[in-house]
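In what follows, chains are A, B, ... by sequence order, proteins preceding strands, each numbered from 1.
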There are 2 protein chains.
Amino acid sequence: MESEVLEHPSVEEIDLVEVLKALSDPARLRLLAVMGDGDYHACRAEVYDLDLHKSTLSHHFKVMREAGVTMTRVTGRNRETRLRKEDLDARFPGLVDSLISGVTKEQTT
Amino acid sequence: MESEVLEHPSVEEIDLVEVLKALSDPARLRLLAVMGDGDYHACRAEVYDLDLHKSTLSHHFKVMREAGVTMTRVTGRNRETRLRKEDLDARFPGLVDSLISGVTKEQTT
DNA sequence: AGTACTGTTTGATGGAAGTCATACCGTTGA
DNA sequence: TCAACGGTATGACTTCCATCAAACAGTACT
């Protein structure tokens, strides 16, 4: 089973404004909360407990990926996404951790 | 000289999405960078090295204030704004520090 | 009183963004 | 081969937002 990787910005290209813009949305903040464990997750709405059209969800994943927040790999007809925690930590130390703890506190996942 | 204080959200009312939305803008991230010292700053464009119309700047300050990011007091015909660092730290520990160090790194203030 | 000053409010405008629906594409598996 | 599946791309719609300009409001100072 081959695993292909999509286009992602490099660590240096990750821009703070774009990261914040990507995360300043309830749905995408929810994605962050679930992906906080660093593992890969399927891109289905149930995984994130979101009631959104699949094209809308696809849009959100694209925004997250292009901002450098997430990494998506393609396996067959499935896609899996995980948080780029190490890269974000390298670029903005402490940011992701504080966001995750903040969002989980609010959402009481 | 009297000092009046405007309406601000309480600590509990500070919402993460609103905070991130407030900060996901280059101009307002610039405001954060300057206000990072926690002191009061006049609301003039030169202070922040921003080339924006005064009404635009006023708008940005309003967004920041209503999101709970900043505190503004009125003294005579002047306004001074400072970061609500303690409140933000209490609500989202570590967030402000990581943002400030991130933005100063990018902007090389 | 009147003028200068600081900043807000309102309105207009152009652009960006979230959502959905539909059509489409590559993969899987019967 | 072909239908089902997972997900994307495009288009439409609506709302939101950053910006400026002009008018306004309160304060300070002469």
Visitor: Whole-Å distance between dT6(C) P and Phe61(B) CZ?
Guide: 14 Å
Visitor: How would you list all residue pairs meeting salt bridge (Lys or Arg N to Asp or Glu O under 4.0 Å) that involve residues 62-76 of chain A, not counting sequence neighbours?
Guide: Arg73(A)-Glu80(A)
Visitor: My understanding is that only residues two or more places apart in sequence, or in another chain, count here; which of them pass salt bridge (Lys or Arg N to Asp or Glu O under 4.0 Å) with Arg77(A)?
Guide: none
Visitor: Give me the atom names and distance for the closest heavy-atom approach of Thr81(B) to Thr72(B).
Guide: OG1-OG1, 2.9 Å
Visitor: Taking only residues two or more places apart in sequence, or in another chain, which ones meet Arg28(A) in a salt bridge (Lys or Arg N to Asp or Glu O under 4.0 Å)?
Guide: none
Visitor: To the nearest angstrom, how far is Leu20(B) atom CG from dC17(D) atom P?
Guide: 14 Å
Visitor: Using whole Å, report how far CG of Leu57(A) lies from P of dG7(D).
Guide: 9 Å
Visitor: On a heavy-atom basis, which atom in Ala67(A) and which in Ala22(A) lie closest, and how many Å separate them?
Guide: CB-CB, 3.7 Å
Visitor: Could you list, one pair per line, each protein nitrogen or oxygen that sits under 3.5 Å from a nitrogen or oxygen of nucleotides 2-5 of chain D, together with the distance?
Guide:
none

Visitor: How far does the helix from dA1(C)-dT30(D) to dA30(C)-dT1(D) bend, going by the axes of its first and last five pairs, to the nearest 10°?
Guide: 20°
Visitor: Enumerate the salt bridge (Lys or Arg N to Asp or Glu O under 4.0 Å) contacts for residues 42-56 of chain B, please, sequence neighbours excluded, ordered by first and then second residue.
Guide: Arg44(B)-Glu46(B)
Visitor: Taking salt bridge (Lys or Arg N to Asp or Glu O under 4.0 Å) as the definition, give me every residue that meets it alongside Lys85(A), ordered by chain and number, with sequence neighbours left out.
Guide: Asp89(A), Asp97(A)
Visitor: In residues 38-45 of chain B, what residues come within less than 4.0 Å of DNA chain C, judged by heavy atoms?
Guide: Cys43(B), Arg44(B)
Visitor: Take the protein atom CZ of Arg79(A) and the nucleotide atom C1' of dC25(C), then report the distance between them rounded to whole Å.
Guide: 11 Å
Visitor: Is any side-chain heavy atom of Leu88(B) closer than 4.5 Å to one of Leu95(B)?
Guide: no
Visitor: Could you work out, with side-chain contact (heavy atoms from CB on, under 4.5 Å) as the rule, every residue matching Val17(A), not counting sequence neighbours?
Guide: Asp15(A), Lys21(A), Pro26(B), Leu29(B)
Visitor: Could you write nucleotides 16-24 of chain C as a row of B, S and -, 5' to 3', where a protein heavy atom under 4.0 Å of any base atom gives B, of only sugar-phosphate atoms gives S, and otherwise -?
Guide: -SSBBBB--
Visitor: Can you name the nearest heavy-atom pair linking Thr70(B) to Arg84(B), along with the distance?
Guide: O-CD, 3.4 Å
Visitor: Mind calculating the distance between NZ (Lys62(A)) and P (dG6(D)) to the nearest angstrom?
Guide: 22 Å
Visitor: Starting at CD of Glu66(B) and ending at P of dC16(D), how long is that distance when rounded to a whole Å?
Guide: 14 Å
Visitor: Please enumerate all residues that pass ring pair (Phe, Tyr, Trp, His ring centres under 6.0 Å) together with Tyr48(A), with sequence neighbours excluded.
Guide: Phe61(A)
Visitor: Mind checking whether Asp39(B) and Arg82(B) have side chains closer than 4.5 Å, heavy atoms only?
Guide: no
Visitor: Kindly write out the residues that satisfy salt bridge (Lys or Arg N to Asp or Glu O under 4.0 Å) with Glu12(A), not counting sequence neighbours, or none if the list is empty.
Guide: none
